[in-house]
Protein chains: 2
Amino acid sequence: MTMRTPIQCSQCSMQSICVPAGLVPTDVEILDKCSREPHLFNKRNVVFSEGQKLNSVFAIKSGSVKCYTIDSNGKQQITSFHMVGDIVGLESLASGSAATYCETMETSMLCEIRLSKLFAQELPKVESNLLQLMSRRLANCSKHYLNVVNTSAEQKVVAFLLSISTHMHQHGLSRSEYRLPMTRTDIANYLGLAVETVSRIFTALKEQQLINTEQSILTINDFTALESRVA
Amino acid sequence: MTMRTPIQCSQCSMQSICVPAGLVPTDVEILDKCSREPHLFNKRNVVFSEGQKLNSVFAIKSGSVKCYTIDSNGKQQITSFHMVGDIVGLESLASGSAATYCETMETSMLCEIRLSKLFAQELPKVESNLLQLMSRRLANCSKHYLNVVNTSAEQKVVAFLLSISTHMHQHGLSRSEYRLPMTRTDIANYLGLAVETVSRIFTALKEQQLINTEQSILTINDFTALESRVA
DNA sequence: CGACGGATTGAGGGGATTCAAATGTAGTGG
DNA sequence: CCACTACATTTGAATCCCCTCAATCCGTCG
């Protein structure tokens, strides 16, 4: 974990979608005092562990993380992936302790926002921003649930690839070509499939010219065809 | 939909777990002005429809509801069940429009809390209560996700029954004997299984003396045995 | 009583998993 | 820099769990 020159909220590229959204400049200054400068995490670094005291959320400025729990048999179950522009840790706010592990999947820059300090400032706009973020996450959560329940393995994988594409597009990146930071094993775990099944589906989609993969770079060739598969 | 004598938040049995939790009496009075008196809904009544303008949440004082979406093929997919003590509609807060349909599964009494009016009052405690509620729901959401992904059909059903048991217990009701307000078809839909599979699992569990069903009344005979199945 | 929807049970087929092995890729240390 | 190792990915074959289809049973309500 390396230190970097502090970047303040007031100069941050995520300002419009993060906690400070809609705040007046003077309030952003207060927020600055409550957030730590962004930290650079190496690949496979643990950001926080399940059960640990946690009164912060983390904004992903670059890179990506996976959140997972470990069940009584020691098996890891991934509950969510988060990429650039996401806020991590919202589900831990109620209990004050982390509901999952959070681990970087690549070199990533995260910005910690200490909520306990923030709430003490009584900025109503901040709380309503958090409500917005959380409500949106709830909606996403059930959307993902719909993908996983009651659909074939192919539909799950296609819906997964399209949802990342949408996320990338919403953050100004290419929706037809992006890097998949997670392994096939992680994807399989997340979707409740066997690795082999995921791999077979990738090759099948490639044979049909719908997608292409080169290393971890994924290219989507035919959106309409893919979208028709998840309908 | 029938009217009843108004019950104010200040006299409500759900006070401690609902939006007014922790408010001072004078604030509860303000809240009272923002909520409508509880309404009695008949079985299979639609509380709200997907896409409709919605700036309220609903507290379930009695009865139960199911939330579902309808996909492009017209197929209903249940996203959540809610029973006594739950707050419904949190995921719609961000967009201002309902993310799902909400329908009663039995005669139910719901209390509408109009958030738009509430937020105008600037009661910081109310917003932080909502944050708590929503964060807890997020945690529940991923817990349910864990049940559905990567487990056998039996594990899904057992985990489902146990989660309802826990909910009942948390609300002062018996954890070993309760009424299942939803049909087997609904359970199957929710868990992503075929009705027949759910039915077969119920009979198998009965044959092993782990549970009993009489009409819609479910009795749990052996918690430890059931819990060992989901581990 | 008859009709209807919900629940149960049986038989058969198919999609996904498991097991097994080969290939490809990345990371390490000599 | 390359051999070596560990891990990720891919592919094949066999099995199994769950789904689909179909028929029957049960409880409720008109």
Side-chain angles (χ1 to χ4, degrees), chain A residues 42-45 66 73 75-78 103-107 147-161 179-208 211-218 229-230, chain B residues 42-44 64 66 73 75-78 103 105-107 147-161 179-208 211-219 229-230:
Chain A
N42 287 326
K43 194 173 179 175
R44 277 171 203 273
N45 262 179
K66 62 175 173 181
N73 306 319
K75 196 175 164 296
Q76 167 183 307
Q77 177 57 56
I78 297 172
E103 186 180 314
T104 55
M105 296 189 293
E106 58 191 319
T107 304
N147 286 344
V148 168
V149 85
N150 240 340
T151 58
S152 69
E154 190 191 75
Q155 285 176 309
K156 293 182 197 183
V157 173
V158 170
F160 175 72
L161 295 178
R179 223 175 67 77
L180 276 176
M182 66 292 283
T183 65
R184 300 293 140 91
T185 307
D186 280 347
I187 297 175
N189 183 300
Y190 180 58
L191 297 177
L193 299 172
V195 201
E196 297 92 327
T197 306
V198 172
S199 178
R200 272 183 257 269
I201 289 170
F202 267 86
T203 47
L205 292 174
K206 277 193 277 191
E207 279 167 5
Q208 298 165 68
I211 66 168
N212 250 314
T213 57
E214 216 169 294
Q215 258 76 280
S216 59
I217 304 292
L218 183 108
R229 300 287 175 98
V230 292
Chain B
N42 288 326
K43 193 173 180 176
R44 279 170 201 276
S64 53
K66 62 175 175 182
N73 307 321
K75 196 176 163 298
Q76 167 183 307
Q77 177 58 56
I78 297 172
E103 186 180 314
M105 296 189 291
E106 58 190 320
T107 304
N147 287 344
V148 168
V149 83
N150 238 341
T151 58
S152 69
E154 190 191 73
Q155 285 176 308
K156 293 182 196 183
V157 172
V158 170
F160 174 71
L161 296 179
R179 223 174 67 76
L180 277 175
M182 65 291 283
T183 65
R184 300 291 141 90
T185 307
D186 280 347
I187 297 176
N189 182 300
Y190 180 58
L191 297 177
L193 299 172
V195 200
E196 298 91 330
T197 305
V198 173
S199 180
R200 272 183 258 270
I201 289 170
F202 267 85
T203 47
L205 293 174
K206 276 193 277 191
E207 280 168 3
Q208 298 165 68
I211 66 167
N212 250 315
T213 57
E214 215 169 297
Q215 258 76 279
S216 58
I217 304 291
L218 183 107
T219 314
R229 301 287 176 95
V230 292

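Note that this is a predicted model, so its numbers are computed, not measured. Because only heavy atoms are used, hydrogens play no part in the values below, and waters and symmetry mates are left out as well, while side chains stay in. Order of the sequence lines fixes the chain letters, A, B, ..., with proteins taken first and strands second; residue numbering starts at 1 for each chain.
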Atom pairs and distances, donor-acceptor, side-chain atoms in residues 191-206 of chain A, under 3.5 Å, two or more places apart:
from	atom 1	to	atom 2	distance (Å)
A:T203	OG1	A:S199	O	3.2
A:T203	OG1	A:R200	O	2.7
A:K206	NZ	A:T213	OG1	2.8

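Side-chain contact between A:L218 and A:I211 is present, with at least one heavy-atom pair separated by less than 4.5 Å. Between A:L161 and A:L180, some side-chain heavy-atom pair lies under the 4.5 Å cut-off.
Remark: A:K66 pairs with A:D186 by the salt bridge (charged side-chain N to carboxylate O under 4.0 Å, His left out) rule, at least two apart or across chains. Residues passing the side-chain hydrogen bond (donor to acceptor under 3.5 Å, both in side chains) test with B:Q76, sequence neighbours excluded: none.
Between the CZ atom in A:R179 and the CD atom in A:E214 there is a gap of 13.5 Å [rounded to 0.5 Å]. Put simply, CZ on B:R44 and CE on B:M105 are 10.5 Å apart, with the number rounded to the nearest 0.5 Å. Distance check, rounded to the nearest 0.5 Å: CD1 of A:I217 to CG of A:N212 gives 12.0 Å.
Closest-nucleotide positions on DNA chain C for A:K43 and A:T151 were compared, and the one nearer the 5' end corresponds to A:T151.
Nucleotides of DNA chain C that come within less than 4.0 Å of any heavy atom of chain A span, from the 5' end to the 3' end, C:dA16 to C:dA26.
A close approach under 4.0 Å does not occur between any side-chain nitrogen or oxygen of A:T185 and OP1 or OP2 of D:dC7.
Each end of the helix from C:dC1-D:dG30 to C:dG30-D:dC1 gets its own axis from five base pairs, and the two axes differ in direction by 40°, given to 10 degrees.
In this structure, A:T183 reaches the sugar-phosphate backbone alone: every heavy-atom distance under 4.0 Å involves primed, P, OP1 or OP2 atoms, never a base.
Listed for the A:N189 side chain is a donor-acceptor partner under 3.5 Å among the backbone atoms of A:I78. Looking only at distances, a side-chain donor or acceptor of A:T104 sits under 3.5 Å from a matching main-chain atom of A:N42.
Between the C1' atom of D:dT11 and the NZ atom of A:K206 lies a distance of 12 Å, rounded to the nearest Å. Rounded to whole Å, atom P of D:dT28 lies 15 Å from atom CD of B:E106. Distance A:L180 CG to D:dA8 P: 15 Å, rounded to the nearest Å. Here D:dC18 presents its C1' atom at 13 Å from CD of B:E154, a figure rounded to the nearest Å.
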inquiry  = Please encode protein proximity along nucleotides 20-27 of chain D as a string of B, S and -, counting only heavy-atom distances under 4.0 Å.
reply    = BBB-----
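Residues B:N147 and B:Q155 bring no donor and acceptor atom of their side chains to less than 3.5 Å of each other.
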